[in-house]
Amino acid sequence: MSFLKEDKEIYEALLGEERRQKEGLELIPSENYVSAAVLEANGSVFTNKYSEGYPGKRYYGGQDFTDIVETVAIERAKKLFGCKYANVQPHSGAPANLAVYAALLEPGDTVLGMDLSHGGHLTHGHPMTLPAKIYKFVTYKMKDPDTGEIDYEGLRQMAIEHKPKIILAGFSAYPRSLDYTKFVEIAKEVGAITVADMAHIAGLIAGKALPNPFDAGFDIITTTTHKTLRGPRGGMILTRESEEIAKKIDKSIFPGIQGGPHMHTIAAKAVAFGEAMTPAYKEYCQQVLKNAKAMEEVLRREGVRMIGGGTDNHLILADVYGSLGVTGKEAQTVLDEVGITLNMNSIAEDTRKPLDPSGIRFGTPAITTRGFLEADCARVAELMIETLRNKDDEAKKAEIKKEIVSMAESHPIPEKFV
Ligand code: DSN
């Protein structure tokens, strides 16, 4: 029974999107599928409620059940990531980062973060963002884009020179592991607070497939909840142990930059965190990494250059322009035609512009949720390269699309993960 059916325009669009998600292969590394339970909580009556404040300290009445939901989300988040404090109210990753800056910095203070062109994120100081207009951002880079190793000595020199109040680790297009201990050592040397923006890999950290920055002594983790963590679209800020920092962050979220929390989303976050505590989720995370490695091997065999030389996580950044003479935008378009969704992406020292860069970025979180294993992922990588090598051959593309649709059909999107 659908009530939405009566709104024909939206209902048709919803059916179209459901079909698109079902029939195509989702390789955008920041996307995933949520369980039916997460979807149910996200679409629940909690959307009707205003709950400014925090559990036990609200400004409006009627909070018996919102308090339960937010408290459960907080407790599960703390347990998953091994920290003392969690704020589950950020509407997404960008407000989470803004709230941390606003909590800990005065206008004009300095943040040292990863350069966007080397894998960092817009919210780490891109000149067009609000934080960049308020605070001073200086950036570090990879030493060599072909190995992906961060220039830690350069980072240290910059920290000594610019005396940042925050040193930021984290990325949206970086395929290698970071040495969290080195960040903490450098931050201690200059008296900076360490913040890890783990939006892409939070799920893999929660599932113990990748190291946790808190184990190396990081002060704060910011993240979205809808990527590898497989929750609803939202954000979260975790503080390892400082009550002083956690209190500042709470005030910074509300009333600092947000009003009423989205309690339906917080309910869905709690459900996703519960799912992330299961052995099945741990296995999922391991498989995400194995699947990315299987794709890496195909690209290496086929002579496609990967930024960082490969991957330690869920994503690959490939220089398709340098390797195959196809621009990132062309690659995104032609792969869309055969039913593979990914995104064009700038690569380090790109000679092309961001709207038609040299690279593509893709990853395995969503297809792994569908049950793809290493051999399936290797085949997807082969089909991607075949498509790019035959981008103008309509018959070939039709044949590839057929195979993609059949792979999608034989791996239905699950409704339950545990
Ligand atoms: N848009 C997200 C991503 O794709 O990485 C980050 O904000």
Side-chain angles (χ1 to χ4, degrees), residues 17 20-21 24-34 90-101 111 113-132 137 139 142 148 168-178 195-205 210 221-237 257 265 269 272 288 292 295 306-308 311-318 328-329 331-332 335-336 340-348 350 354-355 357-369:
E17 177 60 14
R20 188 195 71 79
Q21 292 191 13
L25 296 188
E26 186 53 72
L27 293 191
I28 293 176
S30 48
E31 295 189 10
N32 215 329
Y33 307 102
V34 298
H91 297 328
S92 204
N97 286 346
L98 176 61
V100 169
Y101 302 148
V111 179
M114 194 193 266
D115 200 274
L116 179 68
S117 69
H118 281 231
H121 188 250
L122 274 175
T123 57
H124 303 171
H126 189 279
M128 285 178 76
T129 61
L130 178 66
F137 285 84
T139 57
M142 291 180 272
L168 199 56
F171 48 80
S172 61
Y174 180 73
R176 288 300 185 191
S177 299
L178 297 173
V195 179
D197 178 345
M198 296 290 102
H200 264 258
I201 56 171
L204 302 173
I205 293 169
L210 290 180
I221 290 180
T222 62
T223 183
T224 51
T225 48
H226 48 268
K227 297 185 174 92
T228 46
L229 200 42
R230 224 161 48 176
R233 191 154 291 278
M236 170 163 72
I237 306 171
I257 66 161
T265 314
K269 286 175 190 174
V288 166
M295 297 185 93
M306 288 170 279
I307 304 306
T311 182
D312 295 327
N313 55 32
H314 63 300
L315 74 82
I316 290 174
L317 187 56
K329 189 177 179 182
Q332 178 181 302
L335 288 165
D336 240 340
I340 292 177
T341 311
L342 46 63
N343 65 281
M344 59 181 169
N345 215 100
S346 293
I347 59 170
D350 208 327
L355 279 176
S358 298
I360 53 172
R361 186 190 70 154
F362 58 94
T364 52
I367 53 175
T368 305
T369 294

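Just follow the structure's listing: the first ligand is 1, and inside any ligand the first atom is 1. Just so you know, these numbers come straight off a predicted model, no measurement behind them.
- Ring orientation note: the planes of Phe171 and His200 are tilted relative to one another, at an angle of 30° to 60°.
- Considering only non-hydrogen protein atoms, atom 3 (C) of ligand 1 sits nearest to Ser30 OG, 3.3 Å.
- Of the possible polar contacts, none joining the Asn343 side chain to the Asn345 backbone as a donor-acceptor pair under 3.5 Å is found.
- Contact detail for Thr225 and Met236: the closest heavy-atom pair is CG2-CB, 4.2 Å.
- Of the protein's non-hydrogen atoms, His121 NE2, 2.7 Å is the one closest to atom 7 (O) of ligand 1.
- In this structure, atom 5 (O) of ligand 1 lies nearest to the protein heavy atom His200 NE2, 2.7 Å.
- Counting the atoms of ligand 1 from 1 in the order shown, those under 4.0 Å from a heavy atom of Ser172 are 5 (O).
- A donor-acceptor pair is defined here as one N or O able to donate and one able to accept, closer than 3.5 Å; no such pair exists between the side chain of Asp350 and the backbone of Pro357.
- With a heavy-atom cut-off of 4.0 Å, Arg361 touches ligand 1 through its side chain alone.
- Residues Arg361 and Leu27 fail the side-chain proximity criterion, which asks for heavy atoms closer than 4.5 Å.
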